[in-house]
Amino acid sequence: MPPPPTKSAPNPPLLPLASFHSPRALPPTLLHCLSPEKRPRRLSSAALSAAASTSFSADPSAELRALCSHGQLAQALWLLESSAEPPDEDAYVALFRLCEWRRAMEPGLRACAHADDRHAWFGLRLGNAMLSMLVRLGETWHAWRVFAKMPERDVFSWNVMVGGYGKAGLLEEALDLYHRMMWAGVRPDVYTFPCVLRSCGGVPDWRMGREEMHGLAVKRGFATDVAFCNSLIQMYVSLGMMGQARTVFSRMDARDAMSWTAMISGYEKNGFPDKALEVYALMEVNNVSPDDITIASALAACACLGCLDVGVKLHELAESKGFMSYIVVANALLEMYAKSKHIDKAIEVFKCMPEKDVVSWSSMIAGFCFNHRNFEALYYFRHMLADVKPNSVTFIAALAACAATGALRGGKEIHAHVLRCGIGSEGYLPNALIDMYVKCGQTGYAWAQFCAHGAKDVVSWNTMLAGFVAHGHGDTALSFFNQMVKTGECPDEVTFVALLCACSRGGMVNEGWELFYSMTETYSIVPNLKHYACMVDLLSRVGQLTEAYNFINEMPITPDAAVWGALLNGCRIHRHVELGELAAKYVLELEPNDAGYHVLLCDLYADAGRWDKLARMRKTMRDKGLDHDSGCSWVEVKGVVHAFLTDDESHPQIREIKTVLEGIYERMKASGCAAVESHSPEDKEVSKDDIFCGHSERLAVAFGLINTAPGTPVSVTKNQYTCQSCHGILKMISNIVRRDIIVRDSKQLHHFKDGSCTCGDKGYG
DNA sequence: TTAGGGTTAG
């Protein structure tokens with residue numbers, strides 16, 4: 001006897017065709033197939049004696065049918081299990097249909113076991129009703145057992161099984177069953193095609209779906225059936241063949257809301273959200289009324305595009321049609337608001353939802369991350385745990401929030417939670433864990449996670465590669481890339497962004513050119529704006545400013561602000577005011593309200609001693625309202641993330657923080673550290689003002705030093721780039737206090753240790 | 001005399 005299946009049991013291999021009709025190969029009774037938690041509860045002895053003393057009507061089968069027709073499931077089940085004789089086939093069928101309609105798992109399985117025990121289910125109608133119910137309840141395995149035992153099967157039985165296996169994601173098995181059906185000489189009907197096509201889209205050999213199914217449907221005269229065409233569209237959608245989907249759609253004589261929705265969601269899922277909205281507009285023009293699923297699909301397209309105006313109209317429409325109580329619509333709506341940078345509106349929708357599922361919570365957590373409100377993401381994550389069980393998508397979003405704030409302890413807790421749930425290798429979770437460890441400055445943990453990840457993909461390699469680059473291990477990054485290629489992993493655009501970045505940080509010009517050319521010549525990857533920006537950065541940082549400028553002018557695509565910004569940064573490092581001003585002209589044309597680029601130009605003037613121009617630039621910033629410093633740093637202490645703003649005096653421990661900074665200043669003076677570069681033109685020594693400049697990273701570092709154990713590293717995350725003065729001071733602090741200080745800023749990761757930084761001071765001319 | 005097609009989050 002095979003072991004009783006459990007919920008996680010793999011799909012049983014299909015028996016050889018011949019065994020279907022061989023009594024010797026029949027599986028044990030259905031009751032024995034049920035997993036322990038699925039076994040029906042027997043009636044207690046008290047209930048049995050009560051049943052024995054109950055007077056039944058003359059026709060229990062009629063009574064059972066009547067109870068089912070009135071929806072009285074509990075009483076019907078009781079009657080079934082109390083009667084001495086099994087009811088007739090009609091009564092069983094009525095009970096199975098009621099269980100199917102109610103999605104009543106346990107009563108359904110009990111009724112199945114009852115029929116099975118009494119060998120009363122051999123009729124075709126009864127078997128079919130059983131199959132239909134089991135498939136609808138998601139009990140494909142049990143459906144298979146019933147199907148295998150049925151002495152007679154019709155096209156309905158086969159359709160239910162083929163469709164059921166497809167729904168359960170067992171696509172190969174579904175297609176196998178379809179072929180067996182054909183071999184068995186069963187003639188497919190109009191229902192067969194949608195059942196099979198569901199699985200054709202998910203298997204590599206899609207030609208079977210297109211050629212065999214389509215041809216057969218045409219031959220049988222089903223090609224005009226709306227459900228068949230919709231299934232065909234869906235098959236092409238899942239194969240990413242939107243052209244063919246469009247052809248089927250345009251040739252349809254009649255289309256219903258499902259046809260339109262399949263096209264809308266198809267375009268959205270295949271990366272054409274704009275086309276999805278075009279189809280939606282066309283649907284309106286054709287006066288086809290959208291239903292809840294259409295609206296959810298169109299909202300998903302709006303979310304992709306950040307298209308608020310159409311999204312708001314869909315919101316109004318959903319309200320007018322009374323769809324707001326549908327969780328799918330509400331979820332799609334809050335996602336749309338979050339992605340359109342209206343997170344407060346998303347919160348409003350979320351709070352109005354009478355019921356929230358794992359998608360609602362995960363969307364909110366990811367939405368907060370998308371809107372740079374990572375603390376709220378973590379707050380929602382903690383609250384969710386009391387309400388809904390998180391899944392891999394939730395954990396990925398929460399890990400992103402930890403990564404963004406450098407919340408290592410929080411990230412580790414989530415890692416432990418993931419392992420406890422046994423989903424550590426599910427979906428993108430392994431890569432999200434690598435990313436979290438990388439961004440929290442823990443390359444060692446990231447590496448361990450990378451090595452433990454059994455199914456590495458290009459994203460795993462890229463994430464780890466980016467980790468080496470961020471930590472200043474340029475040589476390791478290049479050898480890691482070689483290892484990646486040797487293992488057969490094909491690099492993509494992201495890989496080359498990381499590699500060129502490594503070259504730029506390490507001043508490896510020749511390697512950079514070689515990699516840049518290899519993109520097109522070896523890997524057929526067309527360089528994008530990010531790659532060009534990296535190359536400009538590489539050339540500019542090493543002082544090849546004219547080459548960088550010429551390189552920009554020869555670009556086959558129009559340079560963006562990042563490309564010109566890289567040149568501006570190079571000009572700042574090498575104090576080339578004229579070329580810097582030219583780069584700044586382009587940058588500020590493209591990004592006129594970006595405070596960061598204005599600051600970069602100010603720094604260029606300050607470093608070059610052009611105080612008149614600096615004053616004018618600062619005035620321009622004031623006039624534009626860009627002079628407000630919104631610098632913010634975070635540090636995690638004992639699992640709690642503390643945030644500090646520039647000149648922040650609000651923290652309860654601010655006096656201790658200042659005392660620590662003052663102490664450091666005294667020790668700097670005593671140890672003769674006086675050669676810090678200052679922005680002040682007259683003073684070239686470290687002054688008290690330098691120490692108390694109010695920059696958020698210093699406050700966060702001081703707070704971390706106070707509140708963590710001696711000898712342990714302090715890890716800080718900052719939303720802007722670390723200024724030259726802070727960089728110099730932090731190097732000194734790491735030396736004085738003999739602690740590792742890790743600062744991840746908006747540009748790179750700095751690991752300060754014994755008075756030096758892993759960035760090699762590149763970028764701090 | 002039952003059944004098939006479009007569904008939100010990374």
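Fair warning: this is a prediction, and the values are worked out from it, not measured in the lab. Residue numbers begin at 1 in each chain, while the letters A, B, ... track the order of the sequences.
- A salt bridge is defined here as a Lys NZ or Arg NE, NH1 or NH2 lying under 4.0 Å from an Asp or Glu carboxylate O, and K345(A) with E348(A) meets this definition.
- Within the nucleic acid shown, S362(A) comes within 4.0 Å of at least one base atom, counting heavy atoms only.
- Between W260(A) and F249(A), the ring planes are perpendicular. Angles over 60° get that label, and only those under 30° would be called parallel.
- Nucleic acid contact class of G427(A) (heavy atoms, under 4.0 Å, all strands): base.
- Using a 4.0 Å cut-off, some side-chain N or O of S265(A) falls inside it from OP1 or OP2 of dT7(B).
- Using a 4.0 Å heavy-atom cutoff across all strands shown, T192(A) reaches no nucleic acid atom at all.
- If you check dA3(B), dG6(B), dA9(B) against the side chain of A300(A), the one that comes closest is dA9(B).
- In this structure, the side chain of D253(A) does not engage the main chain of T224(A) through any donor-acceptor pair within 3.5 Å.
- A side-chain N or O of N128(A) and one of S157(A) form a donor-acceptor pair less than 3.5 Å apart.
- Note on K269(A): only backbone sugar-phosphate atoms sit closer than 4.0 angstrom, heavy atoms only; bases stay farther off.
- The base of dA9(B) sits with one of its N or O atoms less than 3.5 Å from a complementary donor or acceptor on the side chain of N391(A).
- Of the candidate nucleotides dA9(B), dA3(B), dG6(B), dG6(B) has the atom lying nearest to any side-chain atom of M258(A).
- With no hydrogens or angles considered, no side-chain donor-acceptor pair links S265(A) and S297(A) at under 3.5 Å.
- For V328(A), whose side chain is taken as the heavy atoms from C-beta onward, the closest listed nucleotide among dG4(B), dT2(B), dT8(B) is dT8(B).
- Checking dG4(B), dA3(B), dG5(B) against the side-chain heavy atoms of V226(A) singles out dG5(B) as nearest.
- Look at CG on D90(A): it is 13 Å from P on dT2(B), rounded to the nearest Å.
- Side-chain to base pairing of D256(A) with dG5(B): one donor and one acceptor N or O lie within less than 3.5 Å of each other.
- Nucleotide dA9(B) holds its C1' atom 10 Å from the CE atom of M384(A), rounded to whole Å.
- Which of dG5(B), dT7(B), dG4(B) sits closest to the side chain of Y191(A) comes down to dG4(B).
- Within 4.0 Å of S392(A), counting heavy atoms only, lies at least one base atom of the nucleic acid.
- Ring-base stacking between F156(A) and dT2(B) is satisfied, the centre separation being under 5.5 Å and the plane angle under 30°.
- Out of dG6(B), dG10(B), dG4(B), the shortest distance to the side chain of P194(A) is found at dG4(B).
- Remark: the D189(A) side chain and the dG4(B) base include no donor-acceptor N/O pair separated by less than 3.5 Å.
- Note on D189(A) versus R220(A): no salt bridge recorded, every NZ/NE/NH1/NH2 to OD/OE distance being 4.0 Å or above.
- Counting any heavy atom pair closer than 4.0 Å across all strands shown, D357(A) reaches no nucleic acid atom.
- Residue V393(A) has its side chain nearest to dA9(B) when only dA9(B), dG5(B), dG6(B) are considered.
- One can find a donor-acceptor pair under 3.5 Å joining the base of dG6(B) and the side-chain atoms of T261(A).
- Among the atoms of the strands shown, none is found under 4.0 Å from any heavy atom of R255(A).
- Across dA3(B), dT7(B), dG10(B), the shortest atom-to-atom separation from the side chain of N159(A) is found for dA3(B).
- When distances are taken from the side chain of R97(A) to each of dG5(B), dT1(B), dT8(B), the shortest belongs to dT1(B).
- Using a 4.0 Å heavy-atom cutoff across all strands shown, V237(A) reaches no nucleic acid atom at all.
- The residues K439(A) and D435(A) are annotated as salt-bridged, a charged nitrogen and a carboxylate oxygen being separated by less than 4.0 angstrom.
- In terms of phosphate contacts, K167(A) brings no side-chain nitrogen or oxygen within less than 4.0 Å of OP1 or OP2 of dT7(B).
- Side-chain atoms of I293(A) lie closest to dT7(B) of the nucleotides dT7(B), dG5(B), dG10(B).
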